[in-house]
Novice: 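There's a structure below that I have some questions on.
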Amino acid sequence: MRWIRSGLFVPLLFSMLTISAVQAMDDWSDDGWGDDWTDVPASPWELSGFVEAGYGARTGDDPAISQSSTLGDIRGRLSLDYVADNWRLDMQGEALYDDVIHDTQWTVRELALSFSPVDQLDIKAGRQVITWGIGDYLFLNDLFPKDWQSFFSGRDDEFLKAPSDSLKASWFADRFSVDLVWTPEFEPDNALTGERFSFFSPVAGATVAPDPALNPEEPSGSTLSTRLATSHQGVEYALYGHAGYWPTPLGVNDQGQMMYPGLNSWGGSIRAPAYSGLLNTEFSWYDSEDDRDGTDPNIPNSQLRGLLGYEREVADNLTAAVQYYLEWTADYDSQQSGAVYPEYSQDEYRQLLTLRLTWLTMQQKLNWSLFSFWSPSDEDAYIRPSVTYRVNDQWTLATGANLFYGNREYSFFGQHENNSNGWVRARFSF
């Protein structure tokens, strides 16, 4: 009975009870009572959820981590929403048994109240997932929390975006809208810490997987993000602002502990139809407020980031999208002169090209997908092939891989070459 002691029994029981409850509700609605109560109004409650199992393993050996598995999930989710005339309550809870770290987790992914106190103003308060910007897997102005461990292990794309406890206010005028997001306590990315994936350490001069896992110092301050958006003749425009912290622990404090330095950012984006497709561009200036002159080796320098992308359908049910991304590090010479390990620094101009191919077959039930990152400056790449088959309205099967390549052990993707993995998932929705 090892699976009971390990904690697997709890999410399994949760999943079985959930499915039984839904089936009981379906049986109740089909037992003939509905024929006699045709005037009963629709319930304001909406119930849905899923049960999912996933497994993934490395394609090769990693000297820094002994275990071969990178994904070992059994997950159950319940979503319960209450919709009234002028307000709604969204609730989403999950039970997850993660066999990679041998832990059972109970999480609230969403618990938010939405209402409109006056015309043209929407308020959403509570735990929620927030996203904006137009980059495809490239986040310039979207500094809301991400879960990179989920992304690299083969979980569904929805888990790349992590929730935060925030207050979001949206004001809609005739020609533009304004969004304001305040997060009272900073929510960082779920970055790699050594539990599941190894990473390059300049101190060790090699890839490592610390035990215990890294525990960066988190600031207790709040973050504030704004967006001003409008459209004219089919062209979408947006301006962004952010005051908070770097989302990943790129700094080091006086005690040698990793930390999240202060960060302000400003940017914009444009998306427009062009040549039977969509053309988009986005830029952002990262103001590293704790080291504006770029001389502190323990604080990341300010950066200018920009991308240019284009997407169109190149054949029936076949869509292609490309992006060019450029990242310029300001005061690069000052950074290099003060760097403790200058030989491991990325180039002053980091370039990245992405390609997404999506092919829908079998009446769009079978989705073939390929997403690739390639950096000519870093001389590395990251390829994400996947196949998803929707068996019916309840069952979905998926398989794919996360493949890393690099000529430099310390480059952005090259450091993860030993983390390359394949994965498979099955989901039952209700």
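Count residues from 1 along the sequence. Note that the structure is predicted; figures quoted are calculated from it, not measured.
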Novice: For D157, is there an ion pair with R384 - N to carboxylate O distance below 4.0 angstrom?
Specialist: yes
Novice: If you take the centroid of each ring, where Trp contributes its six-membered ring, are Y382 and F413 closer together than 6.0 Å?
Specialist: yes
Novice: Taking the side chain as every heavy atom from C-beta outward, state whether R271 and V235 have any pair of such atoms under 4.5 Å apart.
Specialist: no
Novice: Between Y137 and L160, is any pair of side-chain heavy atoms under 4.5 Å apart?
Specialist: yes
Novice: Whether D122 and K124 form a salt bridge (side-chain N of Lys/Arg under 4.0 Å from carboxylate O of Asp/Glu) is what I want to check.
Specialist: no
Novice: Evaluate the side-chain proximity of L138 to T354: yes if any heavy-atom separation is below 4.5 Å, no if none is.
Specialist: yes
Novice: Using the side chain to side chain contact (heavy atoms under 4.5 Å, CB included) rule, pick out the option among T207, N402, L192 that qualifies with H416.
Specialist: L192
Novice: Tell me, do R58 and F197 make a side-chain contact under 4.5 Å, heavy atoms counted?
Specialist: yes
Novice: Are S369 and N367 close enough that a side-chain donor and a side-chain acceptor fall under 3.5 Å?
Specialist: no
Novice: Would you say the side-chain atoms of N301 pair up with the backbone N or O of A330, donor to acceptor, closer than 3.5 Å?
Specialist: yes
Novice: Honestly, is K146 close enough over F139, meaning NZ or CZ under 6.0 Å from the six-membered ring centre and within 45° of the axis?
Specialist: yes
Novice: Is any side-chain heavy atom of N418 closer than 4.5 Å to one of P63?
Specialist: yes
Novice: Assess the residue pair D98 and R155 against the criterion (salt bridge (Lys or Arg N to Asp or Glu O under 4.0 Å)); give the C-alpha distance rounded to whole Å, side-chain angles, the decisive distance to 0.1 Å, and a yes or no.
Specialist: CA-CA 12 Å; D98 186 343; R155 289 172 178 159; 3.3 Å; yes
Novice: Indicate the ring-plane relationship of Y410 and Y344, choosing parallel, tilted or perpendicular according to the 30° and 60° boundaries.
Specialist: tilted
